[in-house]
Amino acid sequence: MKNLYEVFGEFETASNREEKINVLRSNRSYALDCVLRGTFHPGIKYVFNEIPQYKDSLSPPGLGYTNIHQELDRVYLYEQNNPKASPNLTLEKRKSLLIQTLESMEKRESDIFAGMIMKKLPVKGLTYKLVVEAFPDLLPNDI
């Protein structure tokens, strides 16, 4: 399985819309679905207006302490009104957890994770409309 940054790299170099959609479809995974849903679904909102300052990991590719695939199961901690998150979880604690998460992943993965939280992935040409076309079951298509 490819890393998401590899999938998004292929996506950006695809020469037309059809190829871009094919790249997404041929690399569909739990992680890709989560990141696209987290970024583009209008019902998912996060508690942050900006990403807190953190230090980029110096880990070589593949050797980060954690990876985006593992951390996506904890993304609910950063969502507004998610019932799985403790009501006692303060914004400061969420910031601290997010910083730890971002600092423990490879830089390219933390960029994607942070982009999802900010609802703006660092992927040229990736739009809501294109994601709905590629995966009609993933997002509401009436927006």
Side-chain donor-acceptor pair present, Thr39, Tyr128, cut-off under 3.5 Å: no

Could you state the interatomic distance from NZ (Lys55) to OG (Ser110), rounded to the nearest 0.5 Å? 14.0 Å

Below 4.5 Å, heavy atoms only, C-beta onward: do Glu109 and Ile112 meet side chain to side chain? no

Is there a side-chain contact between Cys34 and Val75, using heavy atoms and a 4.5 Å cut-off? no

Heavy-atom side-chain contact between Phe48 and Leu91 under 4.5 Å: yes

With a 4.0 Å cut-off, would you call Glu79 and Lys84 a salt bridge? no

Return yes when atom NZ of Lys119 has more than 12 non-hydrogen atoms of other residues, nucleotides or ligands closer than 6.0 Å, and no otherwise. yes

Nearest 0.5 angstrom please: Phe135 CZ to Ile21 CD1, how far? 9.5 Å

Ignoring hydrogens and angles, state whether a donor on the side chain of Tyr54 or Gln100 is under 3.5 Å from an acceptor on the partner side chain. no

Within a radius of less than 6.0 Å around CD of Gln80, do more than 12 heavy atoms belonging to other residues, nucleotides or ligands occur? yes

Might you point out which heavy atoms bring His41 and Gly43 nearest each other, and give the distance in Å? ND1-N, 2.9 Å

Any side-chain heavy-atom pair from Leu77 and Leu89 closer than 4.5 angstrom? yes

Distance-minimising heavy-atom pair for Glu103 and Ser57: O-CB, 3.4 Å

Is the shortest distance from a Lys or Arg side-chain nitrogen in Asp137 or Arg28 to a carboxylate oxygen in the other one below 4.0 Å? yes

Asn82 and Tyr46 side chains, donor-acceptor separation under 3.5 Å: no

Derivation and outcome, side-chain contact (heavy atoms from CB on, under 4.5 Å), residues Tyr78 and Leu97: CA-CA 9 Å; Tyr78 314 118; Leu97 290 168; 3.8 Å; yes

Do the side chains of Arg108 and Glu6 get close enough for a salt bridge, i.e. N-O under 4.0 angstrom? no

